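Working notes for the structure below.
The shown structure was predicted, so the numbers you read here are calculated from the model rather than taken from an experiment.
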Amino acid sequence: MIPKKLLTFLEKSKIKYQPLVHKTVYTTYDAAATLKTKLNDIAKVVMLSVDPPLPYDTGLTKYVLVVLPAHYRVDFQKLKKALKVKKVALATEGMIHKVLKLTPGVIPPFAAFHALPVYVDKGLTKAKAIITNAGSYTDSVKLKAQELVKAGGTLITSFGKKG
């Protein structure tokens with residue numbers, strides 16, 4: 001079930017989405033197979049730590065979320081350049097739980113929901129609609145990539161590479 005807090009956020013933000021209920025999945029590959037869709041229509045959400053912290057006022061700015069097509073891996077060099085930071089690293093499961101109170105694989109990609117900066121890879125805009133996490137292993141949402149930007153995400157250059 002999509003968490004009530006997320007549903008309230010989506011409704012208040014006027015985000016157009018379609019809820020999808022499916023069997024339990026832990027990876028974007030499983031989600032694509034279960035939902036019978038291509039990997040490039042699935043959005044993967046990754047939490048990263050950045051150094052130096054970004055110049056925002058949230059207190060959590062040493063962490064960011066990036067959203068990219070599921071069949072891509074983060075190109076850390078491109079992302080460092082785009083964010084103008086010296087160091088980018090994957091957040092540990094412990095960091096994800098501490099900062100977001102979530103486990104990997106269920107992180108919704110909405111910036112205003114988390115109070116973390118969210119960067120959206122331009123590669124996602126090629127898909128007519130994308131499917132992404134909705135806060136549980138059995139729920140996803142289908143929406144246009146522009147809805148992620150509307151929800152506070154920042155669309156930046158492609159920082160993913162096929163992998």
Side-chain angles (χ1 to χ4, degrees), residues 1-35 37-50 54 56 58-74 79 83 88 90-156 159-160:
M1 184 168 185
I2 298 176
K4 187 163 182 62
K5 182 179 173 184
L6 179 59
L7 288 173
T8 301
F9 166 77
L10 293 170
E11 297 300 325
K12 280 185 177 177
S13 302
K14 295 182 174 39
I15 303 298
K16 295 176 188 164
Y17 70 97
Q18 175 188 350
L20 302 172
V21 179
H22 48 76
K23 73 176 190 170
T24 302
V25 296
Y26 297 103
T27 68
T28 54
Y29 293 95
D30 291 342
T34 298
L35 296 169
T37 190
K38 294 181 254 172
L39 272 175
N40 45 333
D41 292 337
I42 303 280
K44 173 169 53 177
V45 182
V46 180
M47 184 171 149
L48 303 168
S49 61
V50 294
L54 298 175
Y56 301 117
T58 67
L60 298 173
T61 55
K62 66 182 203 171
Y63 300 106
V64 299
L65 296 178
V66 295
V67 188
L68 61 164
H71 65 298
Y72 282 18
R73 291 180 307 156
V74 176
L79 192 57
L83 298 179
V88 176
L90 287 172
T92 64
E93 191 170 331
M95 286 178 200
I96 293 168
H97 184 70
K98 183 180 176 182
V99 174
L100 301 176
K101 310 291 187 255
L102 294 169
T103 56
V106 301
I107 303 169
F110 306 106
F113 182 70
H114 296 296
L116 283 181
V118 173
Y119 296 97
V120 181
D121 186 287
K122 278 192 179 175
L124 280 175
T125 60
K126 294 176 185 168
K128 191 173 185 178
I130 57 171
I131 297 169
T132 191
N133 301 324
S136 83
Y137 292 111
T138 58
D139 294 279
S140 299
V141 291
K142 186 175 188 176
L143 50 94
K144 292 183 178 176
Q146 290 305 322
E147 294 294 313
L148 293 179
V149 176
K150 182 178 171 183
T154 302
L155 188 63
I156 61 173
F159 53 82

Taking side chain as C-beta onward, heavy atoms only, is Leu6 less than 4.5 Å from Val141?
-> no
Verdict with supporting geometry, Leu100 and Leu65, side-chain contact (heavy atoms from CB on, under 4.5 Å) | CA-CA 11 Å; Leu100 301 176; Leu65 296 178; 4.2 Å; yes
Using a 4.5 Å cut-off on heavy atoms from C-beta on, say whether the side chain of Val67 contacts that of Ile130.
-> no
Determine yes or no for a side-chain-to-main-chain donor-acceptor pair under 3.5 angstrom, with Lys101 supplying the side chain and Lys98 the backbone.
-> yes
Kindly give the heavy-atom pair with the smallest separation between Lys128 and Lys144, and that separation in Å.
-> O-CG, 3.9 Å
Looking at Ile131 and Ser140, what are the two nearest heavy atoms and their distance?
-> CG2-CB, 3.7 Å
Check whether any side-chain heavy atom of Lys126 lies under 4.5 Å from a side-chain heavy atom of Asn40, and answer yes or no.
-> no
Under 3.5 Å, side chain of Lys150 to main-chain N/O of Lys16, donor-acceptor pair present?
-> no
At what distance, to the nearest 0.5 angstrom, does CD1 of Ile156 lie from CG of Leu83?
-> 5.0 Å
Student check: side-chain heavy atoms of Phe110 and Leu148 closer than 4.5 Å = yes
Enter the distance from Thr28:OG1 to Asn133:CG here, rounded to the nearest 0.5 Å.
-> 8.5 Å
Separation between CG of Leu68 and NZ of Lys122, rounded to the nearest 0.5 Å | 15.0 Å
Give, for atom CD1 of Ile96 and atom CD1 of Ile107, the distance between the pair rounded to the nearest 0.5 Å.
-> 4.5 Å
Looking at Thr138, Val21, Leu7, which hits side-chain contact (heavy atoms from CB on, under 4.5 Å) with Ile2?
-> Leu7
When rounded to the nearest 0.5 angstrom, what is the spacing between CD1 in Ile42 and OG1 in Thr34?
-> 9.0 Å
Closest heavy-atom pair and its distance - Asp30, Tyr26 | OD2-N, 3.8 Å
Tell me, do Leu48 and Leu79 make a side-chain contact under 4.5 Å, heavy atoms counted?
-> yes
Looking only at heavy atoms, the pair that brings Glu147 and Ile15 closest together is OE1-CA, 3.3 Å
Between Lys44 and Tyr72, is there a donor-acceptor pair closer than 3.5 Å when you use the side chain of the first and the backbone of the second?
-> yes
Tell me, with the steps shown, if Asp121 and Val66 meet side-chain contact (heavy atoms from CB on, under 4.5 Å).
-> CA-CA 7 Å; Asp121 186 287; Val66 295; over 6 Å; no
Does any non-hydrogen side-chain atom of Leu102 lie less than 4.5 Å from one of Met47?
-> no
Identify the heavy atoms of Gly135 and Pro108 that sit nearest to each other, and give their distance.
-> N-CG, 3.9 Å
Work out which heavy atom in Phe9 is nearest to a heavy atom in Ala151; give both atom names and the distance.
-> CZ-CB, 4.1 Å
